[in-house]
Each structure stands twice: as C-alpha cells, then as structure tokens.
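These notes concern the structure reproduced below.
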Amino acid sequence: MWQLAQRSKELWHGLADREGPWEAVEWQRTGSLLLASNSEEAGKLEAQAECLKAAGVQAEMISASAVAKLEPSLSIPAEGGGMLVENDAQINGRNSAFLLLNICRVLAQDAGGEFDCKFGEGVTGLEMDGDGGVVGVTTSAGRRITATRAVVIAGGAWSSDFLAQQLKDNRWKGVIAPRMGQLLALTPPTDMPALTRGVMEMSYSKHYQEVGRKSAEGSPADESAPDITFTATTSASGELLLGSSRQFSGFESSAGLETTAAILKRAAEFMPSLSASAAAVSTLLAGGSPEEWSDGLVRTGPRPWAATGLPFVGPIPGHPRLYIAAGHEGSGLTLAPVTAEIIEGYISNGGTNVAGAEALAPEFLLK
Ligand SMILES: Cc1cc2nc3c(=O)[nH]c(=O)nc-3n(C[C@H](O)[C@H](O)[C@H](O)COP(=O)(O)OP(=O)(O)OC[C@H]3O[C@@H](n4cnc5c(N)ncnc54)[C@H](O)[C@@H]3O)c2cc1C
C-alpha cells in the first residue's frame, strides 16, 4: 500500500498544482507525527521507521522530549516517542472533491463531450447482454443510460451488496461494509500552543492490518462500542480537527454524544489543554441531557471497510466492461487519484502498470 499511497500523493500534487491554486484544496505540507505512549510501542515504531526508510520514505524516530519541543501542545510519557515524516501533506477532502468534479467537467469539454453529474439519482440496476457484459444502467429516475465503454461501481460501502444482488453472486455479499466514523472540528482552546503537524497515536495503524475481521455469519466482527484512536490536525482555516471513532453499526451512528465524549477524553490524554472540553462533554453526557455538544461540529460518515483489508480496484471477472473501485476504509481520499489511474489503465489498455495494483484486483481478492 505504501507504493500506491506514494504514487497517489504524486498525483494529488500534480492535480493541485496544475488544475488550481494550492489554496483551493488547502494543501499543507504539515508533516506527520505518529506517537508511541510506552517503550513497547516506541520499539515497534522504530522498526516501522526503518521499514519506511527502506521503502524510500523519509521517516525519523524522535524522543518524547523532542516531540514536546516540536509540538508543545502534546504530552506523552518519557518512555514513549514519535515517528516524524516531514514530507507528509494534508488536504481538505470536501474542497478536493469539488476540484476533481471540475477537472472532469474541463476534460469532457476539451474532448468535445459533456460531464453529467446526477446528484440524488441512484443507480438501481445493471443491464447486461447474454454474455454477462454490462451495456448500461437504470436509475431511480426511471432513466436507462447506455454504457459504451465501461461501468465503474464506486459506491463506497454500498458497492458489494449492490453487486451481490445484481450479479446474483454471493461472494460479494458483505465483503464491503460501513464502518461509521466521527470527527470533531472545534476552535482550539486559547491556552493551547498551535498544533502544526498531523498527529496520531500509534495504534491507529492497526486499522490497516485488520484483514478478515469477519464473524462466521459473514458480517464484520462485533464492534458495537466505538473504537477510538486519537488523531489531531489543524485545518488551513485554523480549526482543530480531532478524531476519530470506528464502529460497525450499519449506516447509523448509534452513540452520538457518547462517541464525541470518548474522542475528546482520548484527545485530552495527549493534549492536556483539551481537558476542560473533555470534562464539559462528559458532564453533559452524565446528566442525561438531551442537549447536543455545542463547542464544535461533529462530522460523521461511513468508511467503506473491506473484509480483505485492501480495496477492490479492477475489472469484475465474468462481466466485461464492469469495474469496481471501492473499499478504501480510512484511505479513500489519499488513494483517490491512484485508484482512478488504475481503473483508467484497465479501461483504456486492458491492464494496469501501476506498481502494486495487481493486489487490489477482484480476481485476486475474491479467491
Ligand atoms: C471520520 C472519518 C475520517 C476520515 N479521514 C480520512 C483521511 O484522513 N484520509 C483519507 O484518505 N480518508 C479518510 N476517510 C475515509 C474516506 O472518507 C473514505 O475512504 C472515502 O470517502 C471513500 O470514498 P468512496 O467514494 O469509495 O465512498 P463514499 O465517499 O462513501 O462515496 C460513495 C458514494 O456512492 C453513492 N452511492 C451508493 N450507492 C449508489 C447507487 N446505487 N447509485 C448512485 N450512487 C450511489 C453514495 O451515496 C456515496 O455518495 C475518513 C472517513 C471518516 C468517516
């Protein structure tokens, strides 16, 4: 995945540079810090830094006191440490999505065509010829759209059940599922030193190693209580963005205020200036108050979790002209451009030469 993430970063860089001002996507070369809270984690992080260096990423292990010097808002135990990746960058997801839409419009115009984006009109069915090849789709508005070259299923957490139903192929059932997540956006406390890097606790990386977290019934393993891992960064407009939760609760986030309280409590363990905010929301929760948290905004969304631990990107075997690009869990924004590059290769050239892409092919992942 590192190879793919690196390629995607290059592509994001090119897109933001060529198609619009960097401010449009709020590109910030903030660098990142992965935090270890004890000596065991620090040892593992050191090994991880060595692996990254071997893969060509500039990563450096630093002590807990060096972490505090770089980011005075953070406090971690002396036996912990941090892995610093100075070249990491961040973008604003929403703005970047609009940039991509605009690029699609411009590319279509340049080719003498038209880019038609139908918000609020869902695809309800796939139309196939006698050989299982896809020839079009039907929509909730009762339209039939002919596909002359390809249909790409990029419906996030909805993708695999849609395919199971349309292709009558149970191998797709439940292989991509919603994993709800909450992120908080708030004004940083006035006494908090500015946070300049993207930071996250080391255990965050476990979410990328959870291959096969499925029960015998084929649904994701129980995670009814939200799993909280600390992440923090400052947006270009100065908001403090705190994350995040992960929960298998269908498409509903079952514990709104509880999750908000848990995110703030965990964040305050790393950023003591947040203690008052964490205490305030806990008091609100303990009082059984119907009031919502009003010190910031809560953003919630379904991460498309894939049972394989890797997103599905490539042609769907047995169905010419049908492709999937879904299941990116918490990396869909990062991997969006490389995903498009892989799919474009399959559609235009019948294959991909993006290094590492073969591992994401449904033919390989569904075995
Ligand atoms: C709290 C949180 C923090 C995150 N942070 C990061 C981060 O820092 N970096 C990162 O890279 N990623 C992050 N992610 C993950 C990222 O948001 C996802 O990986 C990404 O949105 C997946 O993109 P997608 O297009 O595959 O799916 P989605 O964004 O879910 O989009 C799928 C779309 O398909 C539509 N759809 C579904 N069915 C149909 C149908 N039948 N017809 C038409 N349309 C349909 C849906 O309405 C939806 O709009 C985060 C997610 C959360 C929840």
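Read the numbers this way: they start at 1 and go in the same order the structure lists the ligands and their atoms. We're numbering straight along the sequence, starting at 1.
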For this session: Determine, for Glu114 against Arg105, whether the closest basic-nitrogen to carboxylate-oxygen distance falls under 4.0 angstrom.
Result: no

Exercise. Is ligand 1 under 4.0 Å from a heavy atom in the side chain of Ser245, in the backbone, in both, or in neither?
Worked result: neither

Seminar exercise, completed: Near Thr334 (heavy-atom distance under 4.0 Å), the atoms of ligand 1 are 9 (N), 10 (C), 11 (O)

Problem set entry | Residue-ligand contact Gly330/ligand 1, heavy atom below 4.0 Å | yes

Seminar exercise, completed: Closest non-hydrogen contact found for Val67 with Gly81 is CG2-C, 4.1 Å

Exercise. Ring centroid separation for Phe162 and Trp172, is it under 6.0 angstrom?
Worked result: no

For this session: Would you check the N or O atoms of Ala326, main chain and side chain alike, for any that come under 3.5 Å of an N or O of ligand 1?
Result: no

For this session: Consider every N or O of Gly301 and every N or O of ligand 1, then say whether any pair is closer than 3.5 Å.
Result: no

Exercise. Pro304: heavy atom below 4.0 Å from ligand 1, yes or no?
Worked result: yes

Seminar exercise, completed: One finds that the ligand 1 atoms under 4.0 Å from a non-hydrogen atom of Leu333 are 10 (C), 11 (O), 12 (N)

Exercise. Does the distance from a Lys or Arg side-chain N to an Asp or Glu carboxylate O, for Glu86 and Arg197, drop under 4.0 Å?
Worked result: yes

Exercise. Which option, Pro178, Gly155, Ala97, Ser96, owns the non-hydrogen atom nearest atom 35 (C) of ligand 1?
Worked result: Gly155

For this session: List, by chain and then residue number, the residues other than Phe98 in its hydrophobic cluster (Ile/Leu/Val/Met/Phe/Trp/Tyr, side-chain heavy atoms under 4.5 Å); write none if there are no others.
Result: Leu101, Phe115, Phe119

For this session: Check ligand 1 against Gly122 and write out every atom of the ligand that is under 4.0 Å from a heavy-atom position of the residue.
Result: 42 (N), 43 (C)

Review item, side-chain donor-acceptor pairs of residues 49-56, under 3.5 Å, at least two apart:
from: Glu50; atom 1: OE2; to: Lys53; atom 2: NZ; distance (Å): 3.2

For this session: Could you tell me whether Arg321 and Asp131 have a side-chain N and a carboxylate O separated by less than 4.0 Å?
Result: no

Problem set entry | Arg266 and Glu269 ion-paired at < 4.0 Å | yes

Seminar exercise, completed: Heavy-atom proximity to atom 16 (C) of ligand 1 ranks first, among Arg303, Glu329, His328, for Glu329

Exercise. Heavy atom of Ser331 under 4.0 Å from ligand 1?
Worked result: yes

